[in-house]
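Below: the structure, in structure tokens.
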Amino acid sequence: MENKCIYCGRMDNLSESDIIPDALTNARILNRNVCRIEHNNKFSDMFESKVIDALSFITNELDIKSSKGKNYAPYEAVVTIEGIDYNIRLHGDKEIFNGRVLKSTDNTQMISSYDRAVKIAKDERKVQPLDINTIEIEKKVRINNEIFFDISMFRMLSKIAFEWYCAKNSISGYYSEFSNIVEFITTGNGTNPVSIIQEEELYKMVDHLGNLGSHTLFAFEKEDGEIDVIISLFGLLMYRVIVTKEKPNICVNNFLYTELRTDSSRREIIHQSVEEAQQKLNGMFAQDNFVSAGVINGVHIMIPKMMTPLQNVEIYPLWFNLTQYLSKVNDDATEPNERVNNIFLNQLKNLTQASTLQKKSIKRFVNDTFYKGHEKIRLNPNSSNKKSTVLFYVIYLIGISEDEELSDAVLQKIIKKGLPNQYSEEFLVDDEMENNLKKIIMEDENYSDILEKGAKKVINWQN
Ligand SMILES: [Zn+2]
């Protein structure tokens with residue numbers, strides 16, 4: 001069968017569309033039946049870049065960047081230094097003083113290197129020294145949560161749901177059953193197919209299904225034939241997208257699951273229907289799936305039939321529950337309200353307080369912090385930055401460890417041994433934990449040297 005664009009049906013100049021914009025995920029998923037200009041490139045200006053810009057703080061927190069770009073997306077922050085506000089564009093955490101001139105928001109103060117400050121002030125008496133290791137620094141980031149209720153977000157989510165569902169059903173060409181969602185994606189007109197899920201319980205369930213910061217997508221068919229796709233965006237908010245009220249007959253896969261993780265790994269499950277998924281699951285435990293393997297000492301030995309084992313079997317019970325609830329109940333919000341805001345703030349807090357300790361984030365941190373010619377590291381007891389404290393602590397653990405060469409397994413061993421209490425894949429850091437970790441490091445007289453040693457091991461860690 002020839003490939004045709006799912007938006008317009010044209011056959012020439014098709015391209016690979018990133019179903020989720022490349023700048024928002026480290027785990028790319030593609031739809032190859034999308035024409036290059038009209039229904040791929042143009043979407044970027046129409047709605048995707050607005051969403052990407054507004055979410056740059058979150059992609060920075062999660063160490064997600066576009067595979068095309070060299071840098072992480074910059075974001076605006078207000079940094080308060082000794083009580084004075086400075087508006088700064090940041091990429092990472094450690095580059096606040098990285099050679100630039102900072103101007104206070106009210107334009108009365110400046111911070112830069114001493115020599116440069118004297119040059120600018122033309123009078124040495126106007127320049128005061130600052131010890132960046134002891135001054136109080138507070139970073140505030142204004143998260144524009146309006147973007148989560150913006151039409152560009154709704155169009156992007158519709159695009160994700162539509163292209164993902166089509167990819168899983170190998171759809172080629174335009175089908176009028178999708179006319180509403182296609183109109184909304186391409187023009188912003190028509191009925192908005194997106195709503196926001198506002199049941200806190202459902203968020204907890206999705207948190208249990210996947211990793212921190214993942215995008216989780218699942219699709220199901222309602223009793224009346226409507227196809228809904230649920231998208232959990234970074235785990236921050238969950239949206240329902242009505243892909244079609246009546247699906248084309250060729251769409252056979254209607255019970256779908258994909259989790260895209262920040263470490264670029266993924267989980268994908270495809271079933272035709274929830275019934276088929278249930279049968280497969282039940283089949284795994286059914287009696288008649290055992291066959292005789294012979295008789296030993298008069299006892300019939302029964303072993304399971306060789307059948308394809310069901311992958312990711314542990315997520316099925318929760319997945320069934322979620323789907324069942326969401327296909328029966330629709331209590332969604334269409335615009336922001338207090339309930340949704342509270343959920344969002346809570347999820348955001350968990351996201352920013354947790355550290356995903358993976359190679360990528362550790363390497364990035366070392367490159368940003370222990371760059372060539374950097375000054376000796378001295379921790380500032382008066383500034384709070386939970387993520388960087390945890391990363392310093394991990395570098396410290398690597399520094400004191402006897403292992404000279406790092407690997408994923410060695411790192412996990414070092415972390416497991418060194419992190420207080422329960423360490424799973426994520427590690428939640430509140431104020432108390434942050435102070436504890438800092439205290440442990442700073443009580444070590446040689447901690448600056450040990451950090452250098454740890455950083456060197458990370459730099460030498462081969463890809
Ligand atoms: Zn097209």
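For ligands, and for the atoms within them, numbers begin at 1 and follow the listed sequence.
Residues forming a ring pair (Phe, Tyr, Trp, His ring centres under 6.0 Å) with Y239 (at least two apart in sequence, or on another chain): none. For R10, the salt bridge (Lys or Arg N to Asp or Glu O under 4.0 Å) partners at least two apart in sequence or on another chain are D12. Applying the ring pair (Phe, Tyr, Trp, His ring centres under 6.0 Å) rule to Y203 yields no partners; only residues at least two apart in sequence or on another chain are considered.
Contact detail for Q198 and D331: the closest heavy-atom pair is NE2-O, 2.7 Å.
Protein N/O/S atoms found under 2.8 Å from the Zn ion (ligand 1): C5 SG, C8 SG, C35 SG, H39 ND1.
E226 and R240 are not joined by a salt bridge, as no carboxylate oxygen comes within less than 4.0 angstrom of a charged side-chain nitrogen.
Partner of D63 under the salt bridge (Lys or Arg N to Asp or Glu O under 4.0 Å) criterion, chosen from K387, K363, R261: K387.
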